[in-house]
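Protein chains get the first letters and strands the later ones, always in sequence-line order, with residue 1 at the start of each. Note that this is a predicted model, so its numbers are computed, not measured.
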Number of protein chains: 2
Amino acid sequence: MNIETAASQMEALGKPKRLDIYRALIRAGKEGLSVGALQDKLGIPGSTLSHHLKTLMIADLITQERQATTLICRANYTSVQQLVDYLVCECCIDSSQDNADCEIDASLTCS
Amino acid sequence: MNIETAASQMEALGKPKRLDIYRALIRAGKEGLSVGALQDKLGIPGSTLSHHLKTLMIADLITQERQATTLICRANYTSVQQLVDYLVCECCIDSSQDNADCEIDASLTCS
DNA sequence: ACTTTATTTTGATAATTCTAGAAATATAGT
DNA sequence: ACTATATTTCTAGAATTATCAAAATAAAGT
């Protein structure tokens, strides 16, 4: 992971509509969702949705697989994990203090 | 956490310079870094740096504390954790498949 | 070939954002 | 009050981005 990649991924997730799209795909799991299903679910015009999906694709945050005329979109779980790692996994390494009580907790506690 | 907040935080981290600033603060730990120290370390002009810090502040990703004439900046560890939770913690909930083998791993394995 | 369905590309406009020099402000020491 | 240090605000130009209607493309059924 380099900083340009990480920043472009963050940027891709940095607009409410694209974050919405991405989270819908995270929720959808392995089955994914077609472009049309996303369009119905989120109420975004096709051309706009297509642009946003392209941005997420270029950032390697989602994948697409064609099934006849429909395109199935899926979240790329590996890349988001690497992104999160890049963001927080060097916590406190430049600190001269004792890091034992570093406030950041690397284990996510999903509620 | 709502989608506007999450998106604005992602957007704040979505430019290489700001991500660099943020990661420098993550690495610095509780001690934090002054604006001037960041300027020296990253080679960013003062006015540009100040704008970026303001963006990170508004997004609640960092905090600032004045010590005489210098401003100490620190990463807000709580907010980034909430952000990561928001991003991945609803993984697969809309899936009709068995989620047991969901590919996403909620526990970060920092290497 | 034609039609239908699904999605992307084109193109154009509006809006936002990045950047950094110059000037202004804030704080504290002399 | 004056000076020095640290940081922010002002300003403006360049660059990027978001949006979506309309046209184009892709795939498969009739």
Side-chain angles (χ1 to χ4, degrees), chain A residues 3-25 28 31-76, chain B residues 3-25 28 31-76:
Chain A
I3 195 156
E4 314 295 340
T5 302
S8 77
Q9 291 183 333
M10 288 290 182
E11 187 171 47
L13 297 172
K15 292 290 166 182
K17 280 185 186 171
R18 279 199 301 263
L19 187 52
D20 225 8
I21 294 165
Y22 182 75
R23 273 167 46 86
L25 294 177
E31 297 147 84
L33 286 172
S34 70
V35 176
L38 280 168
Q39 194 172 345
D40 293 345
K41 188 184 274 269
L42 303 175
I44 302 172
S47 61
T48 305
L49 178 58
S50 182
H51 280 305
H52 286 323
L53 288 172
K54 190 176 180 181
T55 301
L56 292 169
M57 279 282 291
I58 290 172
D60 196 38
L61 285 166
I62 68 171
T63 60
Q64 289 183 323
E65 179 197 358
R66 182 169 283 280
Q67 287 183 357
T69 57
T70 72
L71 264 180
I72 306 297
C73 308
R74 294 187 182 86
N76 180 350
Chain B
I3 195 154
E4 269 79 22
T5 303
S8 78
Q9 291 182 333
M10 288 291 182
E11 187 171 46
L13 297 172
K15 291 290 166 182
K17 280 185 186 171
R18 279 199 301 264
L19 186 53
D20 224 9
I21 294 165
Y22 183 75
R23 273 168 46 87
L25 294 177
E31 297 146 81
L33 286 171
S34 70
V35 176
L38 281 168
Q39 193 172 345
D40 293 344
K41 186 182 277 267
L42 303 176
I44 301 173
S47 63
T48 305
L49 178 57
S50 182
H51 280 303
H52 286 324
L53 289 172
K54 191 176 181 181
T55 301
L56 292 168
M57 279 282 290
I58 290 172
D60 196 36
L61 286 167
I62 67 169
T63 60
Q64 289 183 321
E65 180 197 359
R66 184 168 279 281
Q67 287 182 358
T69 59
T70 73
L71 263 181
I72 305 298
C73 307
R74 294 186 183 88
N76 181 351

Neighbours of DNA chain D within residues 33-41 of chain B, by heavy-atom distance under 4.0 Å: B/Ser34, B/Val35, B/Gly36
Residue pairs fulfilling side chain to side chain donor-acceptor pair (under 3.5 Å) with at least one residue in residues 31-40 of chain B, sequence neighbours excluded: A/Ser95-B/Glu31, A/Ser96-B/Glu31
Counterpart residues, side-chain hydrogen bond (donor to acceptor under 3.5 Å, both in side chains), relative to B/Glu65 (two or more places apart): B/Arg74
Taking N or O atoms only and anything under 3.5 Å, show me the protein contacts with nucleotides 10-15 of chain C, one pair per line.
unit_1 : atom_1 : unit_2  : atom_2 : d
C/dT10 : O4     : A/His51 : NE2    : 3.4

Nearest heavy-atom neighbours spanning A/Ile21 and A/Leu38: CG2-CD1, 4.2 Å
Non-hydrogen atoms of B/Asp20 and B/Leu42 that approach each other most closely: OD2-CD2, 4.0 Å
Student check: side-chain heavy atoms of B/Val35 and B/Ser50 closer than 4.5 Å: no
Stretch residues 57-70 of chain A: residues that reach within less than 4.0 Å of DNA chain D through a heavy atom: A/Arg66, A/Ala68, A/Thr69
Residue pairs involving residues 8-18 of chain A (criterion side chain to side chain donor-acceptor pair (under 3.5 Å); sequence neighbours excluded): A/Glu11-B/Lys15, A/Lys15-B/Glu11, A/Arg18-A/His52
5' precedence on DNA chain D between B/Leu53 and A/Arg18 (nearest-nucleotide basis): B/Leu53
Considering all heavy atoms, the nearest A/Ala6-B/Leu19 contact: CB-CD2, 3.6 Å
Rounded interatomic separation in angstrom, taking CD1 from B/Ile72 and C1' from C/dT27: 14 Å
Qualifying salt bridge (Lys or Arg N to Asp or Glu O under 4.0 Å) pairs, either residue in residues 43-54 of chain B, two or more places apart: none
Contact summary for A/Ile62 and A/Tyr22, nearest pair of heavy atoms: CG2-CD1, 4.0 Å
DNA chain D contacts made by residues 7-16 of chain A, counting heavy atoms under 4.0 Å: A/Glu11, A/Lys15
A/Leu61 to A/Leu13 - nearest heavy-atom pair and separation: CD1-CG, 3.7 Å
First and last nucleotide of DNA chain D, 5' to 3', lying under 4.0 Å from heavy atoms of chain A: D/dT17 to D/dA28
Nearest heavy atoms of A/Glu4 and B/Pro16, plus distance in Å: OE1-CG, 3.5 Å
Partners meeting side-chain hydrogen bond (donor to acceptor under 3.5 Å, both in side chains) with A/Thr5 (sequence neighbours left out): A/Asn2
Residues that A/Ala28 engages under side-chain contact (heavy atoms from CB on, under 4.5 Å), provided they are two or more places apart: A/Leu33
Integer-rounded Å distance: C/dT7 P and A/Leu42 CG: 13 Å
